[in-house]
Amino acid sequence: MFSCRRNTRTVFSKLLRSTSQCRSASQASTAARLNRPVDFKKTPILHQTQNSARAAFGLSQDAPVDWVNLHGAINTTLHHALKTDESVLLFGEDVAFGGVFRCTKGLADEFGAARVFNTPLTEQGIVGFAIGCAAEGMRPVAEIQFADYVYPAFDQLVNEAAKFRYREGSTGGNCGGMVVRMPCGSVGHGALYHSQSPEALFTHIPGLRVIIPRSPSQAKGLLTAAILNCNDPVIFMEPKILYRAAEEFVPRDAYTLPLDKAEVVKKGKDLTIISYGQPLYLCSAAIEALEKEIKGLSVELIDLRAIYPWDRATVMESVQKTGRAIVVHESNYNAGVGAEVAASIQEGAFLRLEAPVARVTSWGTHHGFIFEKFHIPDITSKHIGSSVSITRC
Amino acid sequence: MKFQNPAEEAAMPTYRIIDADGNVVDQSRDPSSTPAEEIIQWYRNMLTVSIMDLIMFDAQRQGRTSFYMVSAGEEGIAVGSASALSPDDVCFLQYREQGVMVQRGFTLKEMMSQLFANKDDNGKGHNMPVHYGSSKLNVHTISSTLATQIPQASGAAYALKMQRLINPNVPPRIVACYFGEGAASEGDFHAALNIAATKSCPTVFICRNNGFAISTASIEQYKGDGIASRGMGYGIDTIRVDGNDFFAVREVMLEARKRALEGDCRPILVEAMSYRVSHHSTSDDSFAYRAKREVEEWKRRDNPITRLRKWMEKKGIWDEDKEKEARASIRKDVLREFAAAEKLKKPPLRSLFEDVYEEITPEARTHMKELKELIEKYPNEYDLSPFEGGLKSLQ
């Protein structure tokens with residue numbers, strides 16, 4: 001129904017030239033029309049006005065809101081959790097001085113070294129310790145310094161945390177209340193071991209909840225729910241590029257968001273884009289470009305938020321309406337979250353589909369230091385993905 | 001310049017109270033003042049484990065259960081250490097500590113329910129046999145994965161310590177964590193002891209050094225002076241004890257518990273030496289890697305049950321008649337519970353989907369429905385008769 005004039009990656013790749021984005025080892029092109037840096041001061045993903053934040057959370061016109069970035073929002077959430085429930089503990093590598101990303105700044109001073117503390121450098125120890133704390137009724141928040149370093153704890157997460165309640169059966173034992181936070185995703189210069197998004201390794205595991213917030217206000221509601229209300233172990237992955245970059249108005253008072261519901265971030269009728277975390281900003285920019293380019297086009301954007309267990313109903317409802325879907329994530333292509341979402345759409349909305357479900361992801365390779373801009377999904381790749389999807393009727 | 005050579009250091013001594021003949025060798029801890037009834041109860045608990053082990057091993061061989069693990073030769077470590085714990089203390093077990101369960105009051109009925117995974121099984125049919133657990137007895141359900149329980153025990157002990165900081169009226173509690181010398185090679189062991197030491201956790205780590213990890217002898221498992229020597233490296237108070245000496249294990253555990261709770265709390269490492277008389281499990285034939293004669297020699301020379309019996313006989317509180325009577329009555333009780341548990345239905349099919357999350361997820365509900373439809377369509381392909389409630393539980 002819509003035509004796409006230039007729908008190959010080759011054509012658009014010619015637009016890629018070097019630009020001066022700070023601290024990136026690989027550069028965007030100065031001539032780029034699509035692959036411009038995300039303008040965090042304008043993106044509709046963030047609440048740029050006080051009233052936008054109030055409206056989103058159903059608050060009154062005089063409800064207090066603060067302008068905060070992602071690490072600030074996480075810090076205030078942790079502060080609130082520690083203050084609200086004395087069974088909350090906070091620990092990990094370098095947590096006491098504030099953490100390498102400043103998320104735990106000031107908390108050891110206020111709540112003391114018994115509740116907020118450094119651990120030795122041992123991921124399997126940190127998660128095992130957290131499971132034991134939770135099994136005896138505490139609500140431990142464990143920090144893994146980078147998602148790239150979670151693998152020593154894989155056994156504790158997969159064989160222990162995920163299966164704890166199942167193993168205990170009617171004894172009622174469980175490790176609910178445990179939240180394992182970890183920064184994930186690329187930042188421009190992280191290469192192989194400071195860029196990974198290993199969520200798909202955990203979404204395969206029944207028993208774990210995997211959550212990835214897109215913004216400060218989302219992080220606040222989701223993390224509060226994970227720490228204080230949820231009785232299942234939660235892996236909370238924070239896109240670290242957003243820690244400072246993503247700033248918005250966030251309600252000051254505490255609130256929670258559901259840990260099993262996706263959210264329609266932007267309504268549309270012709271195509272559904274499903275994503276989560278950092279790529280949502282790129283999706284939003286790509287949609288904006290595409291809707292300008294193709295008159296009358298409207299694209300729906302869904303943030304999964306809960307990556308597992310995930311909200312199939314919201315996605316299915318959208319695709320039943322639009323008949324087209326693209327899944328976008330920063331982690332690799334093969335057996336990624338996109339594979340599961342695409343397969344579910346194929347099962348649940350096959351007769352309504354007007355084009356194959358597309359995936360826009362990182363390639364099947366590693367995060368080569370100088371190649372990041374060519375590796376992770378960008379606005380161009382989403383733009384093309386959308387165009388291709390739309391023209392295939 | 002001097003390089004320390006561990007081979008030149010003296011091995012850590014092994015603490016004993018009675019020798020293999022039942023004679024007291026540490027007069028300062030002479031157990032004579034302990035009431036005879038208590039000692040007899042401990043002895044009976046060791047006998048119970050031993051008798052149940054033989055019955056269940058044979059039951060597996062007859063195909064009546066799928067799997068079993070005996071703990072012959074290690075009854076003294078389990079019952080002796082557990083006898084020194086408070087009921088409020090929390091236990092993390094490996095899988096060869098039936099004696100801890102029996103000593104803490106897990107009934108034969110509860111054990112048989114688990115072994116047969118019947119409708120009364122605490123694990124709701126989720127776990128293999130010997131994976132016991134009881135919230136009433138503060139014992140976390142056993143996981144097959146080796147050593148994963150050790151850092152959890154550090155965290156659990158930290159939780160108990162924090163709860164006493166929050167509310168000083170809570171009784172002081174420790175965590176007792178059991179594992180074998182093979183499991184101590186896992187990274188989890190290192191992580192656990194290091195974190196417990198740095199965070200001053202009241203955990204008593206009890207290593208059962210029985211000489212074998214399935215077929216791998218301890219000489220291939222480590223080069224240093226056992227597991228105990230490692231405790232020093234972590235800055236942890238450590239003791240090695242003769243695991244066949246019931247009284248020594250008990251006294252060591254009493255002292256370990258006391259020390260663990262002193263001041264700001266601290267972890268303790270206990271290495272209890274024994275010999276795995278049994279095969280690793282019913283899936284193992286240990287004569288493929290060790291001589292039968294060696295095992296027979298060990299059985300004849302030393303055993304925690306016969307050692308305590310010798311001491312009791314010397315004290316005049318036990319004799320051949322009492323032994324016969326005790327063995328006969330325990331055997332009868334075990335067989336009675338065996339027969340009763342074997343007859344009971346299995347937990348409902350729904351249990352397959354329960355306890356993954358606190359609430360059954362929409363995804364799992366869909367799967368439950370699909371399974372139900374599948375069975376309805378092909379009723380002859382599935383035997384529902386053992387399961388309580390049949391197909392109805394999948395609503």
Side-chain angles (χ1 to χ4, degrees), chain A residues 86-87 89 91 112 114-115 117-138 140 142 152-153 155-156 158-160 162-176 178 206-209 230-233 260 308-313 344, chain B residues 90 92 120-127 131 133-136 139-145 147-163 165-166 173 175 186-188 190-192 194-199 201 203 347 351 354-359 361-364 366:
Chain A
E86 57 189 357
S87 64
L89 302 172
F91 51 83
R115 296 184 65 197
F117 53 88
N118 289 342
T119 62
L121 211 160
T122 168
E123 286 76 16
Q124 68 195 103
I126 291 167
V127 175
F129 189 89
I131 293 169
C133 284
E136 285 306 315
M138 304 302 277
D155 190 31
Q156 285 289 347
V158 173
N159 272 328
E160 295 295 317
K163 296 173 177 63
F164 207 98
R165 184 186 289 279
Y166 199 72
R167 191 164 81 215
E168 291 272 2
S170 65
T171 76
N174 67 85
C175 63
M178 176 181 88
L208 297 176
R209 288 193 182 276
C230 181
N231 290 323
D232 299 314
D260 57 357
Y308 191 68
W310 63 285
D311 182 1
R312 284 184 172 83
S344 295
Chain B
V90 173
F92 284 85
D120 296 330
D121 169 23
N122 286 347
K124 296 167 76 170
H126 295 160
N127 305 314
H131 291 58
S134 167
S135 51
K136 192 176 65 190
V139 181
H140 284 292
T141 304
I142 292 161
S143 164
S144 305
T145 48
T148 47
Q149 78 278 19
I150 318 179
Q152 293 171 14
S154 304
Y158 192 75
L160 303 185
K161 178 174 151 173
M162 285 304 294
Q163 283 156 14
L165 272 179
I166 294 166
R173 302 198 283 161
V175 172
E186 292 281 2
D188 275 326
H190 158 72
N194 195 37
I195 223 169
T198 55
K199 292 310 296 174
C201 303
T203 315
S351 167
E354 287 176 329
D355 307 314
V356 178
Y357 295 93
E358 189 181 27
E359 308 281 344
T361 61
E363 179 186 281
T366 307

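Residue numbers begin at 1 in each chain, while the letters A, B, ... track the order of the sequences.
For chain B, the option among Leu208(A), Asp311(A), Leu89(A) with the highest count of heavy-atom pairs below 4.5 Å is Leu208(A). When Ser134(B), Ser351(B), Ser135(B) are compared by the number of non-hydrogen pairs under 4.5 Å with chain A, Ser135(B) comes out ahead. Residue with the most contacts toward chain A among Ala159(B), Ala196(B), Ala192(B), Pro347(B): Ala159(B) (heavy-atom pairs, distance under 4.5 Å).
Counting all heavy atoms, side chain and backbone alike, Ser170(A) lies closest to Asp121(B) at OG-O, 4.2 Å. Asp355(B) approaches Gly169(A) most closely through the heavy-atom pair OD2-CA, 3.8 Å. Heavy-atom minimum distance, Ala114(A) versus Leu165(B): CB-CD1, 4.3 Å. Heavy atoms only, all atoms of each residue included: Pro151(B) and Gln156(A) are closest at CG-NE2, 3.4 Å. Shown here for Glu160(A) and Ser143(B), the closest heavy-atom pair between the two residues is OE2-OG, 2.7 Å. Among all heavy-atom pairs drawn from Lys199(B) and Asn118(A), the shortest one is CD-O, 4.3 Å.
Applying the side chain to side chain contact (heavy atoms under 4.5 Å, CB included) test to Glu358(B) and every residue at least two apart in sequence or in another chain returns Arg165(A), Asn231(A), Asp232(A).
Side-chain contact check for Arg167(A) versus His131(B): every heavy-atom pair is 4.5 Å or farther apart. Side-chain contact between Asp155(A) and Thr145(B) is present, with at least one heavy-atom pair separated by less than 4.5 Å.
Only the backbone of Ile142(B) comes within less than 4.5 Å of a heavy atom in chain A; its side chain stays farther off. Interface residue Phe164(A): only side-chain heavy atoms are found under 4.5 Å from chain B. At a 4.5 Å heavy-atom cutoff, the contact between Thr361(B) and chain A is made by side-chain atoms alone. For Ser144(B), no part lies near chain A; criterion is any non-hydrogen pair under 4.5 Å. Contacts between Ile195(B) and chain A at a heavy-atom distance below 4.5 Å involve backbone atoms as well as side-chain atoms. Only the backbone of Glu354(B) comes within less than 4.5 Å of a heavy atom of chain A; no side-chain atom from C-beta onward does. Contacts between Asn127(B) and chain A at a heavy-atom distance below 4.5 Å involve the side chain alone, from C-beta outward.
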Task: ring pair (Phe, Tyr, Trp, His ring centres under 6.0 Å) between Tyr158(B) and Phe117(A), intermediate numbers included - done: CA-CA 12 Å; Tyr158(B) 192 75; Phe117(A) 53 88; 5.1 Å; yes
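Note that CD of Gln163(B) and CD of Glu86(A) are 10.0 Å apart. Values are rounded to the nearest 0.5 Å.
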Counting only pairs under 3.5 Å, give me each side-chain donor-acceptor contact of residues 120-138 of chain A, with atom names and distances, residues two or more places apart or in other chains.
from	atom 1	to	atom 2	distance (Å)
Thr122(A)	OG1	Gly125(A)	N	3.1
Gln124(A)	NE2	Asp188(B)	OD1	3.0
Glu136(A)	OE2	His140(B)	NE2	2.7

